[in-house]
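Single-structure report; data block below.
Quick caveat: nothing in here was measured; it's all calculated off a predicted structure. Just so you know, these numbers use all the heavy atoms, side chains as well, and skip hydrogens, waters and symmetry mates.
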Amino acid sequence: MPATLEDKLVVAISSRALFDLEEENRLFETGDAQAYMQLQLARLEVPARPGVAFSLVRKLLAFNDPAQQRVEVVVLSRNDPVSGMRIFRSVREAGIKLERGVFTQGRDPFGYLRPLRAHLFLSANEADVREALAQGFPAARVLTESAQAGSNHPSEVRIAFDGDAVLFSDEAEQVFQAQGLDAFQLHETDKAALPLPDGPFKPLLAALHRLQQATSSGMRIRTALVTARSAPAHERAIRTLMNWNIAVDEAMFLGGLPKGEFLREFEPDFFFDDQTTHVRSAARHVPAGHVSHGVANHPPPAR
């Protein structure tokens, strides 16, 4: 039978999100492509160290077994094919099974998300992430300075999501930004029984839910909603998830408290948020990514 990605959770990931290539990237950003290629070639036998999203990838791939491949991870990188050799050798040395990659040698890579049917795109490149989100793919800019994931839960993929502008649309956030907290609380109380529109990461949450329901691999998924909402605005978020027939394992309604220390206790393999302040707070404790979507990421109007 021909190879297919149907019925799989597909993650597309850049080489810098998967491995720690920050030293090499500094040379890449000088614009000297030949010197960068020579450096990667010189380090061909030197395995790159795990990057911020490595733990997430390793655990997701553990859902696969010889009888059924439920997860596909594809390297989608602006690197050149020569540098791609080092990436695949680093993958082999790390002991994970990753077979597919697309290396564009500086060209925009996000166009390949469509034939991949990706449920998630992780990259350190802000422009690529914005384009992927604009095309309807769940995507986040990996903060390469993030703390590495912990090792206390080897049989669980732990993922934490913000709510508004991530799992849900930014409808309510627009009210908050324009009219303030009181108007936001009133808006959400009045619409408590009305599900929020889908946000950019609903497809990923749904795919994770399907993966959990289908697996017998011994691995499991634990999810958390970590939001600045508080009562009474919590109700609409919970009812929205109920309407989707998708449950999260934990929900934290923090009323604007910094999220970092709460995430440190949850110990996710990755956290997604649209607000840079929350992402930076989280990155001090856990792997984190910025979802550049919604009103909080729009430039302020010209004065």
If a pair satisfies ring-ring contact (aromatic ring centres under 6.0 Å, His included) and one of its residues is in residues 26-49, list it, with sequence neighbours excluded.
F28-Y36

CG/L120 to CG/L205 distance, rounded to the nearest 0.5 angstrom?
12.0 Å

Between the CG atom in D198 and the CG atom in L167, the distance rounded to the nearest 0.5 Å is 10.0 Å

Just wondering, are more than 12 heavy atoms of other shown residues or ligands nearer than 6.0 Å to CZ in R280?
no

To the nearest 0.5 Å, what is the distance between CG on L196 and CZ on R236?
4.0 Å

Looking at every non-hydrogen atom in both residues, tell me the closest pair between A149 and P287 and how far apart they are.
N-CG, 3.5 Å

Cationic N near anionic O, under 4.0 Å, D128 to R141:
no

Report the C-alpha distance between F168 and E173 in whole Å, list the side-chain angles of each, state the deciding distance to 0.1 Å, and finish with yes or no for side-chain contact (heavy atoms from CB on, under 4.5 Å).
CA-CA 10 Å; F168 316 127; E173 181 66 24; over 6 Å; no

With rounding to the nearest 0.5 angstrom, report the NE2 to CG distance, H119 to L208.
9.0 Å

Aromatic ring proximity F201/F272, centre distance under 6.0 Å:
yes

What orientation do F19 and F54 show, parallel under 30°, tilted 30 to 60°, or perpendicular over 60°?
tilted

Partner set under side-chain contact (heavy atoms from CB on, under 4.5 Å) for H209, not counting sequence neighbours:
Q213, I246

Ion pair check, R158 and D249, cut-off under 4.0 Å:
no

Minimum heavy-atom distance V71-L61, with the two atoms named:
O-CD2, 4.1 Å

Whether the side chain of T227 engages the backbone of M252 through a donor-acceptor N/O pair (distance < 3.5 Å, no angle test) should be reported.
no

If hydrophobic clusters are built from ILVMFWY residues whose side chains come within less than 4.5 Å, do L21 and I13 share one?
yes

Working to the nearest 0.5 Å, report the span between CD of E235 and OG1 of T240.
10.0 Å

Within-4.5 Å side-chain heavy-atom neighbours: R222 and E250
yes

Under 4.0 Å between a side-chain nitrogen and a carboxylate oxygen: does that hold for E126 and R130?
yes

Looking at D108 and R78, is any side-chain nitrogen of the basic one under 4.0 Å from a carboxylate oxygen of the acidic one?
yes

Determine yes or no for a side-chain-to-main-chain donor-acceptor pair under 3.5 angstrom, with N297 supplying the side chain and H293 the backbone.
yes

I would like to know whether R117 and E6 meet salt bridge (charged side-chain N to carboxylate O under 4.0 Å, His left out); could you show each step before the answer?
CA-CA 9 Å; R117 298 174 177 82; E6 294 294 334; 3.6 Å; yes

Testing the basics here: between F137 and A118, what is the closest heavy-atom pair and its distance to 0.1 Å?
CD2-O, 3.4 Å

Side chain to side chain donor-acceptor pair (under 3.5 Å) against R100, all qualifying residues, sequence neighbours excluded
E72

side-chain contact (heavy atoms from CB on, under 4.5 Å) partner of L18, chosen from L98, L122, L56:
L98

Would you give the length of the straight line joining atom OG of S230 to atom CZ of F253, rounded to the nearest 0.5 angstrom?
9.5 Å

Using modelled atom types and a 3.5 Å cut-off, is there a donor and acceptor pairing between side-chain atoms of K59 and backbone atoms of D269?
no

